[in-house]
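Just below is one structure, and these are the notes that go with it.
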Amino acid sequence: MTRRVRVVVLALGGACLAALLVAACLGLPSFGGPLHPYGDRAVHASLSRQTANTIASVNFDLRAFDTLGEMSILFASVLGTVVLLRQTRDEKRGAPEPEAVAPPVRRYALIVLPVAVLTGLYVIAHGQLSPGGGFQGGVVAATGLHLLYLGADYRALERIRPIEVYEMGDALSASGYLVTGLAGVLAGTAFLANTLLPYGTFNTLSSGGIVPVLNAAIGMEVTCAIVVLLARFLDQAVEIEEEDGNR
């Protein structure tokens, strides 16, 4: 394909996309108007399934299949990073040397670390009840764990962060999301349909049907994925060296 043909194809594709976006925008409700058909339906569906957080209901009930796609993108990104940043033949692994940490930084990091991890787990566990959820809580828990790198050293972080365990956790949580969806098919309904579990009592941890189950799977997947992702980049920056000694 010549350069000119590629430009023509790109221009045609861009024009079609622009036309679709304009048509979609023209069909939206008036800005600030009282009519919000999608929002009204989302809130009604959330309340009917005893899910206090409407956003969680949208993510893990009304459009749980779309959330599966988002999770797959993160999973594929981490897998690609692991493959690209793997140790090659002309590289060696050198033990990092500990460096002095300022006492205020050490105290702050070690005090905030358990608070950050517990906060992330809390946000995951209460995703169907309050703002937050698996995506947000997973990022908080994973990054909070790395305060140990700032407060101590890289070797201390490695001791509480076995990469193989987190890689398995990433795969198992992604599989758990899929298995939950397939269980609906085996039960005679639809993939990821919120019909497997009772909806429970409104505003309790056991409410929402499969919403808390899918939310927990996403929280585990995001936590493990971020840990593995940061581990590969930190390995390149701290441990892995070329044969000539360069980082």
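Keep in mind the model is a prediction, meaning the values are calculated, not measured. Scope of the values below: all heavy atoms of this structure, side chains included, with no hydrogens, waters or symmetry mates.
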Quiz item: Can Val213 and Leu196 be said to form a side-chain contact (heavy atoms from CB on, under 4.5 Å), step by step?
Solution: CA-CA 11 Å; Val213 177; Leu196 289 175; over 6 Å; no

Exercise. Please assess Leu68 against Met71 for the test side-chain contact (heavy atoms from CB on, under 4.5 Å), listing each intermediate value before the final yes or no.
Key: CA-CA 5 Å; Leu68 172 62; Met71 180 189 70; 3.5 Å; yes

Exercise. Apply the test side-chain contact (heavy atoms from CB on, under 4.5 Å) to residues Glu221 and Tyr177: give CA-CA distance (whole Å), side-chain angles for both, the deciding distance (0.1 Å), then the verdict.
Key: CA-CA 9 Å; Glu221 199 275 334; Tyr177 196 103; over 6 Å; no

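In this structure, Tyr199 contributes its side chain and Asn194 its backbone to a donor-acceptor pair below 3.5 Å.
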Could you pull out all donor-acceptor pairs under 3.5 Å where a side-chain atom in residues 10-20 meets a protein atom, sequence neighbours excluded?
none

Under 3.5 Å, which donor-acceptor pairs do the side chains of residues 105-127 form with other protein atoms, sequence neighbours left out?
from: Arg106; atom 1: NH1; to: Gly151; atom 2: O; distance (Å): 3.2
from: Thr119; atom 1: OG1; to: Val115; atom 2: O; distance (Å): 2.6
from: His126; atom 1: ND1; to: Tyr122; atom 2: O; distance (Å): 3.0

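Residues forming a side-chain contact (heavy atoms from CB on, under 4.5 Å) with Val5 (at least two apart in sequence, or on another chain): Met1, Thr2, Val9. Take Gln136 and apply the side chain to side chain donor-acceptor pair (under 3.5 Å) test, not counting sequence neighbours, and it matches no residue. Checked against side chain to side chain donor-acceptor pair (under 3.5 Å), Asp170 has no partners two or more places apart in sequence or in another chain. Partners of Phe75 according to the ring-ring contact (aromatic ring centres under 6.0 Å, His included) rule, which considers only residues two or more places apart in sequence or in another chain, do not exist here. Scanning for side-chain contact (heavy atoms from CB on, under 4.5 Å) contacts around Ile55 gives Asn53, Asn59, with sequence neighbours left out. In terms of the side chain to side chain donor-acceptor pair (under 3.5 Å) criterion, residue partners of Thr195 (sequence neighbours excluded) are, by chain and number, Thr189. Legend: residues meeting side-chain contact (heavy atoms from CB on, under 4.5 Å) with Ser46, ordered by chain and number and at least two apart, are Thr51, Thr54, Ser57. With sequence neighbours left out, Ala156 forms a side-chain contact (heavy atoms from CB on, under 4.5 Å) with Leu148, Ala152, Asp153, Arg159.
Using cut-offs of 30° and 60° for the angle between ring planes, the Phe135 and Phe60 rings count as parallel.
Within the structure, the salt bridge (charged side-chain N to carboxylate O under 4.0 Å, His left out) test picks out the following pairs touching residues 65-81 (sequence neighbours left out): Arg63-Asp66, Arg63-Glu70. Each salt bridge (charged side-chain N to carboxylate O under 4.0 Å, His left out) pair with one or both residues in residues 33-53, not counting sequence neighbours, appears once here: Arg49-Asp61.
Between Leu145 and the options Leu230, Val140, Ile160, a side chain to side chain contact (heavy atoms under 4.5 Å, CB included) holds for only Ile160.
Tracing side-chain contacts under 4.5 Å through hydrophobic residues (I, L, V, M, F, W, Y), one never reaches Ile163 starting from Val78; they form parts of separate clusters.
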